[in-house]
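To find a chain, count down the sequence lines: A is the first, B the second, and so on, and within it residues start at 1.
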2 protein chains.
Amino acid sequence: MIELSKAEFEVLDALWLSYPATASQIIERLSDEKQWHEKTIKTLLGRLVKKGALSFEKDGRQYIYTPCMERAEYTLKESQNFIERFFSGRIAPLVSGFAKSEQLSQQDINELKKVIDDWEKQQK
Amino acid sequence: MIELSKAEFEVLDALWLSYPATASQIIERLSDEKQWHEKTIKTLLGRLVKKGALSFEKDGRQYIYTPCMERAEYTLKESQNFIERFFSGRIAPLVSGFAKSEQLSQQDINELKKVIDDWEKQQK
DNA sequence: AAGTTAAGATTACACCTGTAATCATTTTTT
DNA sequence: AAAAAATGATTACAGGTGTAATCTTAACTT
């Protein structure tokens, strides 16, 4: 699995919003939430390319970046990894921890029920 | 939140199995799964103490370590953090990602149902 | 009591990370 | 055409991380 740092992920996430995109578009998107210097983002883009998380094409003097994988694919792998490390691969204990500490809303419960419902329909 | 590295967490996890415990007990417990040098584990114990994740008492020339927090408390915080970063704080999309990629077993589903059930009983 | 261990403390060192600044080069402006 | 600006490339640098080796000292052996 490609290992991304927090900051790298945030840059990739800004690209996932819509791609392909240029560095300046990505910088623009990130400008609201983060106070990163433009140079910082460029560095992170370079590291993402080096790690194989992004590819790019040249367009004049600019690069046009595209993610090498989908967000869902990446977050699934990260999730599996996380659940393996902290909960021996079982997902229920994670949810249960949230429930016990009153972190679940009725909406979360409804959404979870729907996921279970869909899963069961899928099975039959 | 105390930030622990992967390796640090694994050492703490070995202590959570049963504590208080000495360094050599922890080293013994880890010897099956990891091929870490004893010195490596000592280093990690030191870093855990420095980060405030462990406390210790002296007993002759040994230290007897105790975690400063419970496992459930730590994993809950890590989980919240994780879900915030990757799923904007919503838990269902994580579970849904697992479902879509066929990572859920009937047992997982049963466990999840039970969590939901318990939550609902709690509410009324 | 002297020598040997074994515990923790200190030091090591390369790679990763956050966070840019500077350099080189190519476009734009003027 | 010369100057200015904007791009990506290279360099920087401190703190974290994995993975120990070496140093110091207190405790156990003989």
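- Regarding B:Phe9, its CZ atom lies at a distance of 13 Å from the P atom of D:dG18, rounded to whole Å.
- Atom NZ in B:Lys6 sits about 15 Å away from atom C1' in C:dT17, given to the nearest Å.
- Atom C1' of nucleotide D:dT7 and atom CD of A:Glu57 are separated by 17 Å, given to the nearest angstrom.
- A straight line from CD1 of A:Ile26 to P of D:dG8 spans 10 Å, rounded to a whole angstrom.
- Between the C1' atom of C:dG18 and the CG atom of A:Leu12 lies a distance of 17 Å, rounded to the nearest Å.
- Side-chain N/O atoms of A:Lys51 include one lying less than 4.0 angstrom from OP1 or OP2 on C:dT17.
- Checking side-chain atoms of A:Gln107 against main-chain N and O of A:Ser105 turns up no donor-acceptor pair under 3.5 Å.
- For the pair A:Asp117 and A:Lys113, the salt-bridge criterion is not met [side-chain N within less than 4.0 Å of a carboxylate O].
- Sorted by residue number, the members of residues 33-49 of chain A with any non-hydrogen atom under 4.0 Å from DNA chain D read A:Lys39, A:Lys42, A:Arg47.
- Contacts of residues 58-67 of chain A with DNA chain D (heavy atom under 4.0 Å): A:Arg61, A:Gln62, A:Tyr63.
- Side-chain N/O atoms of B:Ser24 include none lying less than 4.0 angstrom from OP1 or OP2 on C:dA6.
- No donor-acceptor pair under 3.5 Å is formed between the side chain of B:Arg47 and the backbone N or O of B:Leu4.
- Between B:Glu10 and B:Lys6, none of the side-chain N atoms (NZ, or NE/NH1/NH2) sits under 4.0 Å from a carboxylate O, so this pair counts as no salt bridge.
- Between B:Phe9 and B:Tyr74, the ring planes are parallel. Angles under 30° get that label, and only those over 60° would be called perpendicular.
- Looking only at atom types and distance, the side chain of B:Gln106 has a donor-acceptor partner in the side chain of B:Asn110 under 3.5 Å away.
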Step by step, work out the side-chain contact (heavy atoms from CB on, under 4.5 Å) result for B:Arg90 and A:Asp108.
-> CA-CA 7 Å; B:Arg90 315 304 324 267; A:Asp108 290 320; 2.5 Å; yes

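- Aromatic ring orientation, A:Tyr63 versus A:Tyr65: perpendicular (interplanar angle above 60°, classes split at 30° and 60°).
- Residue B:Gln25 contributes atom CD, which lies 11 Å from atom P of C:dA7 at whole-angstrom precision.
- Residues A:Phe86 and B:Ser79 have side chains not in contact (no heavy-atom distance under 4.5 Å, counting atoms from C-beta outward).
- The distance between atom CD of A:Glu3 and atom P of C:dC16, rounded to the nearest whole Å, is 11 Å.
- Remark: C1' of C:dA20 and CG of A:Leu30 are 16 Å apart, rounded to the nearest angstrom.
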